[in-house]
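Written below as C-alpha cells is the structure these notes are about.
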2 protein chains.
Amino acid sequence: MLTDRQLFILQIIIDDFIRSAQPVGSNNLAKKEDVSYSPATIRNEMANLEEMGFLEKTHTSSGRIPSEKGYRYYVDHLLAPGSLARSEQTVIHSIFTDRQNGLEKAVQNVATILSELTSYTSIVLGPKFNDHKVKKLQIIPIDRETAVAIIVTDTGHVENRLFSLPERIEAADIEKMVNILNDRLAGVPLLELHGKLYKETAELMKRHLQNYETVLKMFAEAAIGPTTGKLFIGGKTNILNQPEFRDVEKVRLVMNMMEKESDIYELVRPTKAGVRVKIGTENAEQAMEDCSLITASYSVGDEPVGTIAILGPKRMEYSRVITLVDFLSHDMTNVLTRLYNTSS
Amino acid sequence: MLTDRQLFILQIIIDDFIRSAQPVGSNNLAKKEDVSYSPATIRNEMANLEEMGFLEKTHTSSGRIPSEKGYRYYVDHLLAPGSLARSEQTVIHSIFTDRQNGLEKAVQNVATILSELTSYTSIVLGPKFNDHKVKKLQIIPIDRETAVAIIVTDTGHVENRLFSLPERIEAADIEKMVNILNDRLAGVPLLELHGKLYKETAELMKRHLQNYETVLKMFAEAAIGPTTGKLFIGGKTNILNQPEFRDVEKVRLVMNMMEKESDIYELVRPTKAGVRVKIGTENAEQAMEDCSLITASYSVGDEPVGTIAILGPKRMEYSRVITLVDFLSHDMTNVLTRLYNTSS
DNA sequence: ATTTAGCACTCGCATAGAAAGAGTGCTAAC
DNA sequence: GTTAGCACTCTTTCTATGCGAGTGCTAAAT
C-alpha cells in the first residue's frame, strides 16, 4: 500500500530526524545526495504520508516529524539489520568472561556499559534464582540471642538473614536442626523451599526439638528474597542530554518513574520473545509517553530469567540499539546457560 | 559588629528568601507584621549588609538575596534551635526499632524517610564493618570446580565470594582448611584479616595441604568488601522541584555527581564532629556550588562509622534539616552502640 | 499522468521598542 | 537617626515587524 518512493522518503525523514531532532523540510530533503526528486514531489508525498498517519507537523507550516505510527512502521519494516563494530562485540563479550566478582557485579557492569555504549538509559533486570536449588543451609550462632541463617544455592548464590534465637536452645540442637534441614531440603528449588520447609521438616523437628518455628520462618523469608532478580539502572542522567527533554517537567516525569522500582519491574518482566520495541504511548506508563523502550530477555536454557532494556527518547537510534540489545541478550543467554548447566 | 537591627533584618530576609525563592525588597519587608521600620530605613540597612557581604543583588535594582557569607552567618549565629514535632520523632525512632530485615534495609529506610521528611535529597553512608570481627569462616563446595567462601562477622554481617577450587582437592582437605582458618582467625577484626590470613595460617596449611593459596586469596578479597559502608541515596529527583533548578544544565551537574559513588563518598566521610553545614562553594565539588550539604556522622561508641546527609539548594530550610539530622544521627548512634556492645 | 516550477500564504523566531512594575539610592525634611 | 519623596535602573511583558523556512496549490513541462 505504500509505494517504494514513499517508503524511501519515510525512511530518510526518520533517519534525518533521529539524527538532528529537527523537523524535516522538503527542500533540505531534496538537497540530499541520494534523493533525486524535486522538493515539490517530496511535498506531495509528504502530504500523502501525513494523511496516512506516518508523519506529523509541529505547526501548519513546519517540516515533518515521524508520528508514533511512523516510528512503528520504521521499526517493523524499514530497519536495516545493523551489525556491531568488532570493538563493541569485544567489549560486550568481555563483560561476562570475567565473573570473578560474582554474577551480580557482572550484571551491574552490563547496565553501565550499555548506557555508555548507547548514551541512553539502560535497565538490567538481573537473573532470578527461582530454578536454583538449595545446596546447603547453615545456621551460624552469633551470640546467645542471635544467629544468621544462610542459604547457598547450587549456582553459588548466597542469601542470608539475621534472626533472634529462641531462648534456651543448645548448640547441639542447632546442629541437629541444620542436619535435618540439609538432609531433607538439599536440591529443592528455591521457589519451592518456602512450601517444603514446613512440610518436609516440621514433623521431624517437632520430635527432636522445641522452638523450631522461628528458625524455619527465617529460612522461609530468606528464600523469598532472590525469587525476583535485582534491578540495575545505568546512565540515569543521559536523558538530560536529549534536546526534547530540555523541559524540567518532562524530565521529572521520567526520573520519578526510574526511582520507582515497582514500575520498572513492570516494564522489564522477562518474556520469551526476542527484542521488543515499545514506542511512546505504546508503553502503559503515562511517564513514558515521550520515550521508547527496547527490551530483550535473556535465558538459562529455555527459561527467560532476566531482561536488558534501553530507555531513550522516541527519537532513538533504533537500529543501533536493537542490534546491540539483541546481541548482548544472546551473549548473556549463552554464558548463563553454559554456567548453569555445567554447575548443576 | 552587626547591630541588633541588622541581625534582625538579615534574619528576616533569609527566612523570607528560603520560603519564597524570590529576592526580598524593602517595601515588602516593611509590610510584615513584626517589622516596625520604614522601607527607607530598611533600604539603608540592606545597603550596609550588602557592603559587609551578607547580601547580594541579582541586578542593580532588584531586591536582595543572601550571599554565601550571609547564609553562613545565619547558620552560625541566627538559627533558632528548632524542635521536632512528636510525630516526626516517632517516625524516626521507629526506623531502627524494627531491624528484622537486617541493618542494611534499616539504613536504606533512613535514606528514604529522610528525603520524604525534608523533600530534599538524602545521602546515607551505611556503617562500615572495620571493627567487626570474624565469627566464622566457611567454604561451601558447589561442584568439583567451584566453591563459595563465606565470612560471618560477630555482628551478623555475611560476606561471600565465589571461587574456583584448585584441581584435585579432597573434601577432607577443605574441611581441614576450614578448621585451621577458624582456629586461627576467629575474633580477628575484618580490617586485619587480610594481613593475618597469610601470617597466621600459611605456615600451618603448607604443612598439611597443597593449593591453599587460591583459597586464602578469596577470603582476603572478600574481607576487603565491607571495610567501607554502603551508600544509599533517597529522593534523587527532589532537586527537580526547586525553582533554582529549572535549568536542565544545573540539574545535570548535580545529578551526574549523584551517580558517581566516589564523589559522594568524599562528601560524607565520617568524622567525629556533630552536624556540619557546607554552603555552596564551601563544598570542594564544582557541581555543588548551588547546593548546600548538611551532614552528621553516627557512631558506635566513640568511633564514627557512618554518616547521614541532606543535599538541597543553598536556599535550604537549615533550621529544620539541622535539627532533623542532629536528632537522627544521635538516635542511630544510640541504637547501634547498644546493638554492638551487647553483641560482642 | 507524473513531475516540477512558481507563488501566495502561514507560522515560528528573533529583534526592537514601549509600557508597567518592583526596587534602589540619594536628598532633604522630619 | 529616621523617613518621605523622587529620579533612576532593570526586568518583564507585550506588541510590532521582518525574516526565513516551509507548505499547499495551480499551472506548465515532461
Side-chain angles (χ1 to χ4, degrees), chain A residues 1-10 12-17 19-67 70 243-244 246-247, chain B residues 1-10 12-17 19-67 70 243-244 246-247:
Chain A
M1 55 175 218
L2 281 177
T3 68
D4 281 356
R5 191 170 66 187
Q6 285 170 336
L7 291 182
F8 180 67
I9 290 176
L10 179 59
I12 294 199
I13 290 176
I14 298 186
D15 280 340
D16 192 85
F17 184 69
R19 268 217 347 280
S20 70
Q22 297 296 327
V24 186
S26 57
N27 267 312
N28 277 324
L29 227 176
K31 267 184 225 146
K32 285 185 188 270
E33 271 195 6
D34 41 359
V35 177
S36 55
Y37 312 109
S38 76
T41 308
I42 293 173
R43 273 204 293 284
N44 286 332
E45 291 293 31
M46 278 176 159
N48 292 335
L49 286 166
E50 182 176 356
E51 201 176 3
M52 288 184 271
F54 294 109
L55 295 179
E56 286 173 356
K57 285 188 278 195
T58 60
H59 57 89
T60 38
S61 74
S62 75
R64 302 305 207 291
I65 64 173
S67 68
E244 43 267 79
R246 199 68 58 89
D247 177 13
Chain B
M1 53 174 221
L2 282 176
T3 68
D4 280 357
R5 189 169 68 188
Q6 285 170 336
L7 291 182
F8 178 68
I9 290 177
L10 179 59
I12 294 198
I13 291 176
I14 298 187
D15 281 338
D16 191 85
F17 183 70
R19 270 216 348 278
S20 69
Q22 296 297 326
V24 186
S26 55
N27 268 313
N28 277 324
L29 227 177
K31 267 184 226 146
K32 286 186 186 266
E33 272 196 4
D34 42 359
V35 177
S36 54
Y37 313 108
S38 75
T41 309
I42 292 172
R43 274 204 292 283
N44 287 333
E45 292 291 33
M46 277 175 158
N48 293 333
L49 285 166
E50 182 177 358
E51 202 175 3
M52 288 185 274
F54 295 108
L55 294 179
E56 286 173 355
K57 286 188 279 196
T58 60
H59 56 88
T60 37
S61 74
S62 75
R64 301 306 207 289
I65 64 172
S67 68
E244 43 267 79
R246 197 72 55 90
D247 178 13

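Per chain, numbering begins at 1; letters A, B, ... match sequence-line order. Small disclaimer: the values here were computed from a predicted structure and weren't measured.
Distance CG (A:N48) to P (C:dT3): 11 Å, rounded to an integer number of Å. One interatomic measurement links the two molecules: CD of B:E45 to P of C:dT24, which rounds to 14 Å at whole-angstrom precision. Following rounding to the nearest Å, B:L49 (CG) and C:dG25 (P) show an atom-to-atom distance of 12 Å. Remark: P of C:dG23 and CD1 of B:I65 are 14 Å apart, rounded to the nearest angstrom. Nucleotide C:dT3 holds its C1' atom 12 Å from the OH atom of A:Y37, rounded to whole Å. Distance, A:L29 CG to D:dG22 P: 10 Å, rounded to whole Å. The CD-C1' distance, from B:E56 to C:dT24, rounds to 16 Å in whole Å. Separating the CG atom of A:N27 from the P atom of D:dT23 is a distance of 8 Å, rounded to the nearest angstrom.
Each of A:N44 and A:G63 was assigned the nucleotide of DNA chain D with the nearest heavy atom; the assignment lying further toward the 5' end belongs to A:G63. Sequence order on DNA chain D of the closest nucleotides to B:S62 and B:S36 puts B:S36 first from the 5' end.
B:K57 has a side-chain polar atom (N or O) that falls below the 4.0 Å cut-off from OP1 or OP2 of C:dG25. Phosphate contact (OP1/OP2 of C:dT2, side-chain N/O of A:R5, threshold under 4.0 Å): absent.
Across every non-hydrogen atom of B:F54 and B:M1, the tightest pair is CZ-CE, 4.1 Å. A:Y37 and A:A30 get closest at one heavy-atom pair: O-CB, 3.7 Å. Between B:L49 and B:Q6, the shortest heavy-atom contact is CD1-O, 3.9 Å. The two atoms that bring B:S67 and B:G53 nearest to each other are OG-O, 2.5 Å, heavy atoms only. Heavy atoms only, all atoms of each residue included: B:I13 and B:R64 are closest at CG2-O, 4.3 Å. In terms of heavy atoms, A:M46 sits closest to A:G25 at CE-C, 4.0 Å.
The side chain of A:N28 has D:dG22 as its nearest neighbour among D:dG24, D:dG22, C:dT24. Relative to the side chain of A:R64, the nucleotides C:dT24, D:dG24, D:dT2 differ in distance, and D:dG24 lies closest. Of the candidate nucleotides C:dA5, D:dG22, D:dT2, D:dT2 has the atom lying nearest to any side-chain atom of B:T41.
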Are there any protein N/O atoms within less than 3.5 Å of an N/O atom in nucleotides 6-13 of chain C, and if so, which ones and at what distance?
{"unit_1": "C:dG6", "atom_1": "O6", "unit_2": "A:R43", "atom_2": "NH2", "d": "3.1"}
{"unit_1": "C:dT10", "atom_1": "O3'", "unit_2": "A:T60", "atom_2": "OG1", "d": "3.3"}
{"unit_1": "C:dT10", "atom_1": "O2", "unit_2": "A:S61", "atom_2": "OG", "d": "2.5"}
{"unit_1": "C:dC11", "atom_1": "OP1", "unit_2": "A:T60", "atom_2": "OG1", "d": "3.3"}
{"unit_1": "C:dC11", "atom_1": "O5'", "unit_2": "A:T60", "atom_2": "OG1", "d": "3.2"}
{"unit_1": "C:dC11", "atom_1": "O4'", "unit_2": "A:S61", "atom_2": "OG", "d": "3.3"}
{"unit_1": "C:dC11", "atom_1": "O3'", "unit_2": "A:H59", "atom_2": "ND1", "d": "3.3"}

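Around the CZ atom of A:R5, the shell of radius 6.0 Å holds more than 12 heavy atoms that belong to other residues, nucleotides or ligands.
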